[in-house]
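The structure appears right after this line, and notes come after that.
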Amino acid sequence: MPRIDVEKERCKGCELCVKACPQGVLAIGTEMNGKGYFFVKRVEPTKCLGCRLCCITCPDVALSLNVNGTMYHYFKY
Amino acid sequence: MPRIDVEKERCKGCELCVKACPQGVLAIGTEMNGKGYFFVKRVEPTKCLGCRLCCITCPDVALSLNVNGTMYHYFKY
Amino acid sequence: MKDKLAFGYPEGLTTGGTHYCPGCTHGIIHRLIAEVIDELGVRERTVGVSPVGCAVLAYNYFSTDYQEASHGRAPAVATGIKRARPDLMVYTYQGDGDLASIGMAEIVHAANRGEKFTVVFVNNAIYGMTGGQMAPTTMPGQVTSTSPRGRELDLAGHPIRMVELISTLHTPAFVARGTVIRPLQAVQTKELLRRAFQYQKEGKCFSMVEILSTCPTNWGMPPAEALNWLEKTMMPYYPLGVFKTPEEGVDRAPLPLCGLQDGGK
Amino acid sequence: MKDKLAFGYPEGLTTGGTHYCPGCTHGIIHRLIAEVIDELGVRERTVGVSPVGCAVLAYNYFSTDYQEASHGRAPAVATGIKRARPDLMVYTYQGDGDLASIGMAEIVHAANRGEKFTVVFVNNAIYGMTGGQMAPTTMPGQVTSTSPRGRELDLAGHPIRMVELISTLHTPAFVARGTVIRPLQAVQTKELLRRAFQYQKEGKCFSMVEILSTCPTNWGMPPAEALNWLEKTMMPYYPLGVFKTPEEGVDRAPLPLCGLQDGGK
Amino acid sequence: MARKLMKGCEAIGEAAIKANCKLFFGYPITPQNEIPEYMSRRLPQVGGTFVQAESEVAASNMLYGAAGAGERVFTSSSSPGISLMQEAVSYMAGSELPVVIVNIMRAGPGLGGILPSQADYFQSTKGGGHGDYRLLVLAPSSVQEAVDLMQDAFDLADHYRNPVMVIADGLIGQMMEPVEFKEDRQPCRSLPSKDWATTGWKGEGRPRAIVNSLFLDPNLLERHNEKLTAKYAEMARNEVRVAEYFTDEDYDLLVVAYGSVARVCLSAIRQLRAEGKRVALVRPISLFPFPTEVIERAANKAGRVLVVELSTGQMLEDVRMAVGKDFPVAFHGRTGGNLVTPDEAREKILAQLAAREASR
Amino acid sequence: MARKLMKGCEAIGEAAIKANCKLFFGYPITPQNEIPEYMSRRLPQVGGTFVQAESEVAASNMLYGAAGAGERVFTSSSSPGISLMQEAVSYMAGSELPVVIVNIMRAGPGLGGILPSQADYFQSTKGGGHGDYRLLVLAPSSVQEAVDLMQDAFDLADHYRNPVMVIADGLIGQMMEPVEFKEDRQPCRSLPSKDWATTGWKGEGRPRAIVNSLFLDPNLLERHNEKLTAKYAEMARNEVRVAEYFTDEDYDLLVVAYGSVARVCLSAIRQLRAEGKRVALVRPISLFPFPTEVIERAANKAGRVLVVELSTGQMLEDVRMAVGKDFPVAFHGRTGGNLVTPDEAREKILAQLAAREASR
Amino acid sequence: MQHEMIFAGFGGQGVLLIGKMIAYAGLNSGKEVSWLPSYGPEMRGGTANCTVVVADEPVGSPVVASPWAVVAMNLPSLDKFEPTVAPGGVLVINTSLINRPAVRTDVRVVNVAANEICNELGNPKGANMVTVGCFVGATEVVPVQQMEDLIRETFAAKPKLIDVNVECFRRGLEVGRAQKAV
Amino acid sequence: MQHEMIFAGFGGQGVLLIGKMIAYAGLNSGKEVSWLPSYGPEMRGGTANCTVVVADEPVGSPVVASPWAVVAMNLPSLDKFEPTVAPGGVLVINTSLINRPAVRTDVRVVNVAANEICNELGNPKGANMVTVGCFVGATEVVPVQQMEDLIRETFAAKPKLIDVNVECFRRGLEVGRAQKAV
Ligand SMILES: Cc1ncc(C[n+]2csc(CCOP(=O)(O)OP(=O)(O)O)c2C)c(N)n1
Ligand SMILES: Cc1ncc(C[n+]2csc(CCOP(=O)(O)OP(=O)(O)O)c2C)c(N)n1
Ligand code: SF4
Ligand code: SF4
Ligand code: SF4
Ligand code: SF4
Ligand code: SF4
Ligand code: SF4
Ligand SMILES: [Mg+2]
Ligand SMILES: [Mg+2]
């Protein structure tokens, strides 16, 4: 299964990933990080396709994607 | 008859008018003006057509053209 | 089987995080550059040049040597570096105020001399860092803090298209425009950056990639809305694409509209 | 019947004579401008701006009010004058070092703001006043005092074509190129100047006329030979003509060479 | 007119408008962006023109053109931007153009920082540009004074046909204070008619106007330099502005400070005097011409001087020149954008008083 | 190596090459065009690079980049061009970049003229750019000295990581004199390795190199300012260069002059001494640091000072500061490109001697 | 008399505005005033503060090292400015966002749960009004009526916001008055 | 000993070159020298001059108000510099282009019809060589052999010009020697 990880201290809560995700995996949470931002959380983790659209979109490189090695072959984009 | 007048102190002897005149009216003379230039002289005054090519060419506005008023109508170029 | 990282943090970036506003696409552009540097394997001989503009602190964000240029002069600074050390990979990162306003002479001349470095030109149609004044690239009617009635074309003229302007130079160059507002466009822009750096690596030519970017803060809109505004307002005026390549036979210097024969009519 | 003056000294010029070298075409250009000012009847409200260059003393030669600008900044000075007093007719007279090198930012931005003045740009492919150094417009291979092996394209790039560059701006303008090396071309160039001043008189747009000119002294050849060199060497690279007019529908911003679809190949 | 709370930068802009200046050319830079922003809003309302220049180089040359055409005009910037104007400043001084330039100084050198500084004193008063010239330099220490000096600046510029520079820092530029614009303000100097301006030559009435600083003949240029020198001497005679505090009383220490810092020092001195400490303050308002005589006199009375600046010691040199070498001139400076606080000023003053005591 | 007749400007160019400087960025301006012209011919012969920049603004920023990449580099210009470099000069001082800048001064202000002048003294020594910084400023008075100082300038720049300015005028730049380039010249100062230069970061060996003058935190910027100030103080201790003539003898008048003018004064003084007149000369070679102590000492011995400059009095202020107010400091200046002739110097010196006599 | 105050909080909390209102209120009641925003790099970090001086005499230094009062709307502000309050001065704490008590015991501490109160009143952006109300209530540094007039002026362009903000101010006022020095 | 000289004429007459040759000849014979061209606005006007100092000691001022010798190749130069020659000095006049005699009586006047002579020798551009030859002949300020060597060096790239110029120089030398002080 692909898994999106959020580095909460990097997230600025801009919501761009939320809008970019075709699967509704992500949403802004209600917790604040150390810089005063409400950061993103996985709300539907199981729906993740591993498409990386959220990663490519995030201006703060707050998201990373881990996949089970056998599952996909990811091209360098 | 058209008549080209040379203002000798303005002339710098660059010879551009000499080359521009289709009639060979002008040539560099052997006299020096106050600035040390050999200035242009009319050598074949009677051949002048009044075409103004020399005037248009002279970088130092050292030439002027006088014509008998009835002879030509000069357009503003 | 162990998990495998399919998207992670590029080595070309330092890990500290940036000062950019939430949703500002400066951050995406940074990442794309870092990835290209990583992928070309040139990090250890790359020197960046930061502008004066929101990216003034870029030297803190890229894990390469860096120089901070004075406002608009990054192309001159890069010329100095590259002429001193042609073995280095050099790029400037410049905003639209920096490059298209105060730095106009420097960018045109560096391009025209064919300096072998790469320019990343981030066009967000505004002065971000100083709080939202009009840029030469500000759109007609766009309200900024120094165009409170919107950019007035009769007083401030039309926005300048730098890519088009630089493309008219006869000196061979690679000149292109992209954006990062959607993932696909980010991927395409990365490709443009890769080409730009590749041309430099081969010592071929000057290269410049203009990237349309957002400034949610000074445009006064949420980040996602800013992406849409860019698409709707800026993209029709600033078409994406490759405008000039160094290959032979693609010089496109414009010809006169009409000959002198009918001049003066 | 009394003689009638069919070609005489224009009122727009002072009578003192110039410091230009013998056969230098700066002098012809001066006369054409003066004649146009006379013929449009605007001498009493015209203000010229001299450059730093061989024409630095232009203020002594035109019988109008005049300002002497710092090197390259004549378009900024003219902007100041015209914005302060829109009723004045304002023109700058600039060399290629002045306008195309140090003054690149000022000319591009004045044109882009659509400042309603006229630029007379005298391109002689060299720095005349300072003794013959390379200009941005110097021809490939041309020997100058700072390009002793001839202009090397890989180090100094190709000559800049200012008219083409300014023509890409979207802001309406009148932009053209002429020369004065033959009487016919001088007449045509006068026509270009007339149009340029006329557009200004009507408050329509920025106007610029580039004029290819000789520098016999620093080219190191007699005046007549200089005319031929210009024709043979410069004219093929700097085509004469009208490049941009303010009339609708003649904007010729270049389009991308290719779409992003095939970018990266 | 009633007193209004205004930000320093905006008040400076409004003061220019009240001084009938209808033209502004400038380029954004922190911490003075509120000036161009204000002008871009206000000028069209009063029939004026705001132009955002492509750079400070261009802005300063636009100033040249507009002033040369006879109109009142000003620009503003901050330290790095002012450096870019130095060629044009020298040209304007050489061509004797009346313009007003505002420098809201920030910390340097180089890009430095955006916080307050007074480290452009040398640049402003000695000539950052080339050649022998002087600017009239005025340094307000409150928003109201900025307004008053701004209005005077235009009159002085016109009177002397010379650029006038108003220098302050972000403290003055960013703070709000009550200001009043006097309705019936009269020019502070006579305003000669601008018959030298390029307004179009009708062939009579006046000679052809040529705005220029080029003199190829060295004798003509020397004569021009002599004329300028005489003008600067006249300014030195007539335009010294200085505020003295407690110099009529007895004191053992003279503090010299200008602009925002002077104000902080004054706070500290008031408190110290309330405690019986004998301290006085001279606050130069015109930095060129420098109030040399006032300082010389006041320093002699004190026998000890403390100069406080947001720099590593620039006005210090002018004070040293005024005071000579007979007694100590101490210095306290802060840099980098750090301010001198009243407590810090107090402490430095007390230390000097103690040293004076010890040396008796 | 044999002595060779060389034009000052060309000798300056050759000296740079002999100092192993392989990079020149510059823009033409009279009266120093022979420098870029010479470099454009010579540099390719020694594997170096000459770039004609689009302007002085660009040239100075190219200097910044090249110096930041660790290479020796220089530029040259004349007064208006140097004014355009002031922002970059402040940046280079702030970023501590070793560069050499040559100013062949011409008459100003503004476009002025192209003949010799010394009116950029303030700009060079006090900071024409913004912020607290100092350049090391050297002023040769012969072509040979220009050569020697030029070579030292690169060493000093590298040693202190500071811009060094060499200022002269068209007299030095345009004249030919015999010069000698020593074959076995050693660096005049230790040359620390340039591990701060942006030469590519290998991830180890040294920290990442960042060439920068921005410090947003005022405390960091203040610390940076303090570091710079300490460096300037070190220069002041170690880098004073001055030539004294007849100061070991008795004299009633001290003349202070630098550069080309000092040489003219020396001619006059030699002749006057031959006639039994008691005059001495101090010629500052480093203008920053200024030879304050030497002048103070020599002035005290004389009791009267005459400063001669091609300006309306700029170095004069530094001399005044050194001398104090106890006895007169007279001034003779020429401007506009006019030179001081030996006869003129003689006459002014005699007048001062007479005044001194009268006041006894 | 002279009162120096620092208002501090996150960027969007409106601390510059309430500082400005105090300055205006001072001016309108015949005092001398100054208002000085912080504009340094800290602004980028998302925090903001301003220094306000209200005095009978023309204001000396607008820079204040030990203010009479500090109004802290978030934790970083409390951390930064608590130590600076002059002994005997006032420290207002927005307890909604600050989860520690004051450390100082030589100053008068005034607590207000500003965000809770404004949320309660349906004006989630009104925490600054609540806080300034509390401050005025606890200190009477400027007249209440002046402040209410200023709120009306401030929101004149958005009439819907006037009443809720006045309401916020008044609720703060009550909270402050309840903690008034006796 | 120190000799100061000014060489002056029209722009194209080659006065800078002959000044330079004198300086080189001085240097090559072990003297200290300086050569200073005029580069001011007068150059634009078509005139040029240079000041050369040849001395035993290092040269003091390269600027000279009253030179020991003036070599005037045209009338404006004579007009300008005749009054400056130091009493007892030397004044060389190219009589081909100067149609007035010298006014000064307290200096040694040396006349040479330089243009006639060089035209005669088929080297119309050699007037400067004739003149400098005459100057050297009349004054022996530098060794003749040095000068001839320098002519050979100067025209090394155009060998055809060497002999005619040496010839011009020698003819000048004769004229000068004939007018040598006795
Ligand atoms: C000489 C100079 N002028 C002006 C400034 C102020 N300044 C800093 S950044 C900037 C413009 C920033 O806009 P842009 O280049 O578009 O970058 P962005 O912040 O939008 O990314 C300006 C004018 C400066 N630092 N130096
Ligand atoms: C700031 C500055 N830089 C350089 C110069 C020197 N300068 C004078 S004219 C000139 C260039 C002249 O060339 P161009 O503009 O082509 O005019 P031309 O003489 O050929 O007509 C230069 C570099 C100067 N006066 N000011
Ligand atoms: S990888 Fe794709 S599906 Fe998964 S969270 Fe990101 S955008 Fe959504
Ligand atoms: S795009 Fe990045 S910064 Fe923005 S909300 Fe998503 S994870 Fe956070
Ligand atoms: S008018 Fe024509 S024909 Fe007559 S001289 Fe001139 S060019 Fe020759
Ligand atoms: S073109 Fe003019 S200047 Fe030239 S030779 Fe003819 S008349 Fe004389
Ligand atoms: S101000 Fe604009 S450009 Fe700058 S970081 Fe914020 S959003 Fe980005
Ligand atoms: S130097 Fe060249 S451009 Fe200048 S006047 Fe002479 S010929 Fe004309
Ligand atoms: Mg921008
Ligand atoms: Mg030219």
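Naming: A, B, ... by sequence-line order, numbering from 1 per chain. Only this structure's heavy atoms are used, side chains among them; waters, hydrogens and symmetry mates stay out. Treat the numbers as computed from the prediction; the structure is a model and nothing was measured.
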For this session: Heavy atoms only, distances under 4.5 angstrom: which of Gly72(C), Gly103(C), Ser101(C), Pro172(C) has the most pairs with chain D? Name it, please.
Result: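 It is Ser101(C).
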Does any backbone or side-chain atom of [X] lie under 4.5 Å from a heavy atom of chain C? Answer side chain, backbone, both or neither.
X	value
Phe206(D)	neither
Ala100(D)	backbone
Arg83(D)	side chain

For this session: Rounded to the nearest 0.5 Å, what's the gap from CG on Leu169(C) to CZ on Arg161(D)? Could you check?
Result: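 Interatomic distance, Leu169(C) CG to Arg161(D) CZ, rounded to 0.5 Å: 9.0 Å.
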For this session: With rounding to the nearest 0.5 Å, note down the distance linking CG in Leu165(C) to OG in Ser167(D).
Result: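 One finds 10.5 Å between CG of Leu165(C) and OG of Ser167(D).
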Exercise. What part of Leu155(C) lies closer than 4.5 angstrom to a heavy atom of chain D: side chain, backbone, both or neither?
Worked result: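 Interface part for Leu155(C): both.
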Exercise. Which of residues 104-116 of chain C have a heavy atom under 4.5 Å from any heavy atom of chain D?
Worked result: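 Under the 4.5 Å heavy-atom cut-off, Met104(C), Ala105(C), Val108(C), His109(C), Asn112(C), Arg113(C), Lys116(C) qualify.
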